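Structure first, then comments.
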Amino acid sequence: MIIKFLNIKVVIVVSILVFAVGSCVAATDGSEVSERVIINGEKIRIEADDVTYDTETGVIEATGSVKVTTGDMVYHTESITYDMQKSSGVMTAFNGTIYSERNIQLSGTSVTLSDEKSTISGVALTRCELDHPHYHISAKEVTIEGEKIHLERVVLKIKEVPVFYLPRLTLNLDRKMPEFRIGYSNDDGLKYAFDYLAELTANSGLVIDGDLSVHGESTLGIGWESNHQGLQNQLKFEYSSDAGWAFIDKLVYDDSNWLFTLDVFHDFSAGGEKQYGAKVTRKYWETSWGSWQVSALAREVSKTEEFQEYGGFYTGWQLDYKLSSNVTLSYLRIDSHTSREYGDLMEDYGLGDNWLYDLRLPFGDGHMVGLNGVYNSDDTGWIHQIYSISKESCCFKTELSYDHAEDSLELSFGIKF
């Protein structure tokens with residue numbers, strides 16, 4: 001038997017359909033005229049102007065301003081054919097939203113729905129909330145499985161201009177989003193950086209990153225990252241335009257209160273750089289005087305340049321005090337256990353007492369003035385003394401910064417996925 005529900009005001013139509021195995025139960029409030037047909041299945045909700053339901057096959061044909069809700073995904077289309085018994089269906093061209101911490105807007109030419117996933121063809125995807133998005137990602141095909149979005153033949157477009165291509169990309173709403181940044185500095189010239197994870201299994205994926213510049217050192221990395229119950233391991237080979245190949249291994253254990261890190265860096269060039277480090281951090285805890293964090297570290301570093309050996313073994317500890325979300329003050333103590341110099345193996349701090357500050361002062365619409373730096377009171381003096389101003393929107397962050405200690409000016413532009 002086929003039941004036809006029409007969007008006709010003079011007819012009191014069924015407002016809710018509840019489907020059970022082998023039967024169709026209809027209910028209405030009996031007092032109001034509805035202009036929409038609403039169908040509730042076990043894993044799907046369909047609203048439409050007109051609906052045809054075949055009670056023998058369990059197939060629904062819905063047309064006219066159709067709204068389909070499944071999980072955190074909402075589709076708006078003109079027609080859908082859906083098999084309630086098989087929990088699968090086909091949809092025509094649509095606009096949709098994936099609801100998360102930052103909603104994802106997407107559109108496509110067609111959708112195939114099944115019990116476990118959605119497969120979409122001819123997709124445009126963005127997290128920009130504007131009517132005319134600043135950026136979008138286009139893909140030949142997209143598969144949505146829970147919190148994971150798998151994209152094939154991906155093109156990133158900014159203001160409709162293609163700027164980056166990937167054969168495959170996975171966005172996991174539970175994990176770090178891809179990063180793309182372009183910029184300029186008076187030391188390195190034009191710069192371009194990217195970092196993304198091509199997920200291969202539920203707990204692992206291929207890591208690809210790069211930091212490219214016209215005048216400075218450029219690096220490209222490829223490796224493997226795995227995650228299991230708070231334990232993350234990243235193994236990566238990195239190629240540097242200055243030093244050739246290097247191997248990097250980083251192991252991190254992260255729980256609610258503690259962070260443990262072990263890392264290895266091995267440069268394969270003659271006399272190349274080697275680093276072995278360990279760090280344990282007690283994460284921020286709240287007090288009436290603000291938030292506090294403490295960490296301890298140990299590191300062995302070495303490098304040979306022009307027949308001179310640099311590096312050695314040092315230990316240290318750091319105390320961080322966060323007065324507010326925009327103000328952080330820190331003290332870092334580093335003690336060396338060798339008589340050799342460290343050269344550029346210790347660029348961001350010095351031996352002895354280091355005083356760090358990070359101030360972020362918001363003003364206007366998304367603007368921020370930043371003041372951060374490192375001062376070594378034992379010998380080195382100012383290591384960094386950075387002044388910056390930034391503008392952040394829903395999708396982009398632009399920052400201009402000047403490091404007075406190094407006389408370095410830098411402009412950067414990044415996309416927030």
Side-chain angles (χ1 to χ4, degrees), residues 67-77 91 93-111 118-184 191-199 208-210 325 360 362-368 370 388-400 411-417:
K67 179 181 177 181
V68 180
T69 304
T70 172
D72 295 327
M73 182 74 198
V74 176
Y75 302 91
H76 294 274
T77 184
M91 195 185 310
F94 77 97
N95 291 302
T97 303
I98 301 176
Y99 290 94
S100 62
E101 183 179 352
R102 289 180 62 218
N103 296 340
I104 296 177
Q105 309 295 329
L106 69 164
S107 60
T109 57
S110 64
V111 183
S118 301
T119 303
I120 308 170
S121 299
V123 184
L125 176 152
T126 184
R127 277 186 160 178
C128 182
E129 299 174 352
L130 301 177
D131 293 335
H132 301 285
H134 286 150
Y135 85 92
H136 73 265
I137 297 171
S138 65
K140 187 70 173 179
E141 184 176 277
V142 170
T143 302
I144 302 174
E145 297 180 272
E147 299 296 308
K148 299 173 185 176
I149 305 173
H150 306 283
L151 303 96
E152 303 288 341
R153 296 167 62 181
V154 182
V155 178
L156 171 63
K157 296 182 179 180
I158 300 177
K159 298 291 188 179
E160 299 301 326
V161 177
V163 297
F164 198 75
Y165 171 81
L166 292 171
R168 185 179 182 185
L169 175 65
T170 297
L171 304 178
N172 191 329
L173 301 183
D174 287 337
R175 296 173 64 180
K176 184 181 74 171
M177 289 286 122
E179 296 182 8
F180 296 91
R181 301 180 305 279
I182 58 176
Y184 173 84
K191 303 170 66 175
Y192 176 68
F194 60 92
D195 181 359
Y196 71 95
L197 175 71
E199 195 163 279
I208 303 175
D209 59 28
S325 59
R360 302 287 174 176
F363 73 96
D365 182 19
H367 292 82
M368 186 86 69
S388 64
I389 183 169
S390 62
K391 163 66 175 175
E392 188 167 347
S393 65
C394 65
C395 305
F396 298 132
K397 181 177 181 180
T398 304
E399 184 174 57
L400 177 65
L411 174 66
S412 64
F413 172 80
I415 300 176
K416 295 166 52 185
F417 288 105

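Since we're looking at a predicted model, the values are computed, not measured. What you see below is based on every heavy atom in this structure, not just the backbone, and it leaves out hydrogens, waters and symmetry mates. Sequential numbering from 1 along the given sequence is applied to the chain's residues.
For the atom pair K397 NZ and E392 CD, the distance stands at 5.5 Å (nearest 0.5 Å). The CZ atom of F396 sits 15.0 Å away from the OG atom of S390 when rounded to the nearest 0.5 Å. To the nearest 0.5 Å, the span separating CE on M91 from CD1 on I120 amounts to 8.0 Å. A distance of 12.5 Å separates CD1 in I182 from NZ in K191, rounded to the nearest 0.5 Å. L197 contributes atom CG, which lies 12.0 Å from atom CD of E179 (distance to the nearest 0.5 angstrom). For the atom pair CZ (R181) and CZ (F413), the distance works out to 12.5 Å, reported to the nearest 0.5 Å.
Counting only N and O atoms by type, the side chains of Q105 and T97 include a donor and acceptor under 3.5 Å apart.
Of the possible donor and acceptor atoms, one in the side chain of K391 sits under 3.5 Å from a partner among the backbone N and O of D365. Listed for the S388 side chain is no donor-acceptor partner under 3.5 Å among the backbone atoms of L400. S121 places no side-chain N or O within 3.5 Å of a backbone atom of S110 that could act as its donor or acceptor partner.
Checking T119, V111, L151, I137 one by one against V142, the side chain to side chain contact (heavy atoms under 4.5 Å, CB included) holds for a single residue, L151.
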**Study point:** Evaluation steps, side chain to side chain contact (heavy atoms under 4.5 Å, CB included), between H150 and E141
**Key:** CA-CA 8 Å; H150 306 283; E141 184 176 277; over 6 Å; no
Practice item. Starting from the C-alpha separation in whole Å, work towards a yes-or-no answer on side chain to side chain contact (heavy atoms under 4.5 Å, CB included) for F363 and I389. Key: CA-CA 10 Å; F363 73 96; I389 183 169; 4.0 Å; yes
Practice item. Test I104 against I149 for side chain to side chain contact (heavy atoms under 4.5 Å, CB included), laying out the working first. Key: CA-CA 11 Å; I104 296 177; I149 305 173; 3.7 Å; yes
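The shortest heavy-atom contact between C128 and P133 is SG-CA, 3.6 Å. When all heavy atoms are compared, the tightest approach of Y135 to R127 is OH-N, 3.2 Å. Here the closest non-hydrogen pair linking A93 and T77 is O-OG1, 2.8 Å. The shortest non-hydrogen separation linking K157 to S138 is CE-OG, 4.1 Å.
Contact check on E399 versus R360 returns a salt bridge, with a Lys/Arg side-chain nitrogen under 4.0 Å from an Asp/Glu carboxylate oxygen.
F94 meets the ring-ring contact (aromatic ring centres under 6.0 Å, His included) test with Y75; sequence neighbours excluded.
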